[in-house]
Amino acid sequence: MDPALIMGFWDVAALLVCTPGADWAYAVTAGLGGRALLPSIGGILFGYALVVVAVAVGLGALVAANPVLLDVLTVAGALYLLWVGISGLVRSAGPLAAQAADGSASPLSSFLRGAGVSGFNPKGLLVLVALVPQFTSVHGSWAPAAQMLLLGGLFVATCAVVYLTVAVLARRLLAARPRGTVILARVSAVAMTLIGLSLLVERVAQAF
């Protein structure tokens, strides 16, 4: 592949990954969740890896050519983020001792929830469905599908570095501050709720 195309994609992808959003909010929650950190971040990466493979095998082109499908995915993602955010708010409403890191969630549950956050994240879907094909070339020595897998893999690797860093910093900065942990957990839940709500309102407004 042309190195200039790879670096051009990475510049845009890294900027988007470093922009706080639903993934960041969930990474912070994972950092506060004790043993759930690695399963949660692993779930986020797995969700994006599935989208990368789907784009490479041609589903990305199908979604890009049918705006209705993208609208459906966006609405589904918005509803999922609302569910995750509201669930977090409900969990943080108990006594202070129960508001700290949520260690009650099983590793599998944390993994699946992380996969849902990324797999239905409209920002990630737009990056992989709309952006990846723009940085591939039919004239390269690699097949377009292989180029998309490489670019998508670079995106997932960037997510791994950024979201693990966010989660670890959240844990270290707030480990000795239970009150701060509670506040940040609530802020993260509110952020996911607002992101989901704004996406839903935007799609409904466009429909009318």
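All residue numbers in this chain count up from 1 along the given sequence. Since the model is a prediction, treat every value here as computed from it, not as a measurement.
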Colleague: Group every Ile, Leu, Val, Met, Phe, Trp and Tyr by side-chain heavy-atom contacts under 4.5 Å, then state whether V117 and F111 land in the same group.
Modeller: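 Hydrophobic grouping puts V117 apart from F111.
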
Colleague: For L15, what residues pass the side chain to side chain contact (heavy atoms under 4.5 Å, CB included) criterion, not counting sequence neighbours?
Modeller: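 Residues passing side chain to side chain contact (heavy atoms under 4.5 Å, CB included) with L15: none at all.
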
Colleague: Between L37 and L164, does a side-chain contact (heavy atoms from CB on, under 4.5 Å) hold up when you go through it step by step?
Modeller: CA-CA 8 Å; L37 191 158; L164 278 173; 3.9 Å; yes

Colleague: Contact between V162 and C18 at the side-chain level, heavy atoms closer than 4.5 Å - yes or no?
Modeller: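 Side-chain contact under 4.5 Å: yes.
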
Colleague: According to a 4.5 Å side-chain heavy-atom criterion applied to Ile, Leu, Val, Met, Phe, Trp and Tyr, with indirect links allowed, do L150 and V12 form part of one hydrophobic cluster?
Modeller: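 Yes.
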
Colleague: Group every Ile, Leu, Val, Met, Phe, Trp and Tyr by side-chain heavy-atom contacts under 4.5 Å, then state whether V57 and L50 land in the same group.
Modeller: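 The answer is no; the residues belong to distinct hydrophobic clusters.
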
Colleague: Between L154 and F46, is there a shared hydrophobic cluster once you connect ILVMFWY residues whose side-chain heavy atoms come closer than 4.5 Å?
Modeller: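 In one cluster with L154: F46, no.
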
Colleague: Can you see which heavy atom on T158 is nearest to which on A14, and at what distance?
Modeller: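 The answer is CG2-CA, 4.1 Å.
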
Colleague: Is the side chain of W24 donor-acceptor paired with the backbone N or O of V17 at a distance under 3.5 Å, no angle test?
Modeller: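 Answer holds: yes.
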
Colleague: Can you find a pair of side-chain heavy atoms, one from F155 and one from F9, that are under 4.5 Å apart?
Modeller: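 Yes, their side chains come closer than 4.5 Å.
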
Colleague: What residues form a side chain to side chain contact (heavy atoms under 4.5 Å, CB included) with V156, not counting sequence neighbours?
Modeller: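 By the side chain to side chain contact (heavy atoms under 4.5 Å, CB included) rule, V156 matches L45, Y48, V52.
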
Colleague: With sequence neighbours excluded, what pairs up with A157 under the side chain to side chain contact (heavy atoms under 4.5 Å, CB included) test?
Modeller: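 With neighbours one apart ignored, the set is empty.
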
Colleague: With clusters defined by side-chain heavy atoms of hydrophobic residues (ILVMFWY) lying less than 4.5 Å apart, directly or transitively, does I6 cluster with V55?
Modeller: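 Yes, V55 and I6 fall within the same hydrophobic cluster.
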
Colleague: To the nearest 0.5 Å, tell me how far T29 OG1 sits from R113 CZ.
Modeller: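 Here the interatomic distance stands at 9.5 Å.
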
Colleague: Does I44 offer a backbone N or O that forms a donor-acceptor pair with the side chain of S118 under 3.5 Å?
Modeller: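 The answer is yes, because a donor-acceptor pair under 3.5 Å joins these two groups.
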
Colleague: What are the two closest non-hydrogen atoms of S40 and S110, and how far apart are they?
Modeller: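 Between these two residues, the closest heavy atoms are OG-CB, 3.4 Å.
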
Colleague: Could you state the interatomic distance from OH (Y163) to OH (Y26), rounded to the nearest 0.5 Å?
Modeller: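 Rounded to the nearest 0.5 Å, the OH-OH separation comes out at 13.5 Å.
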
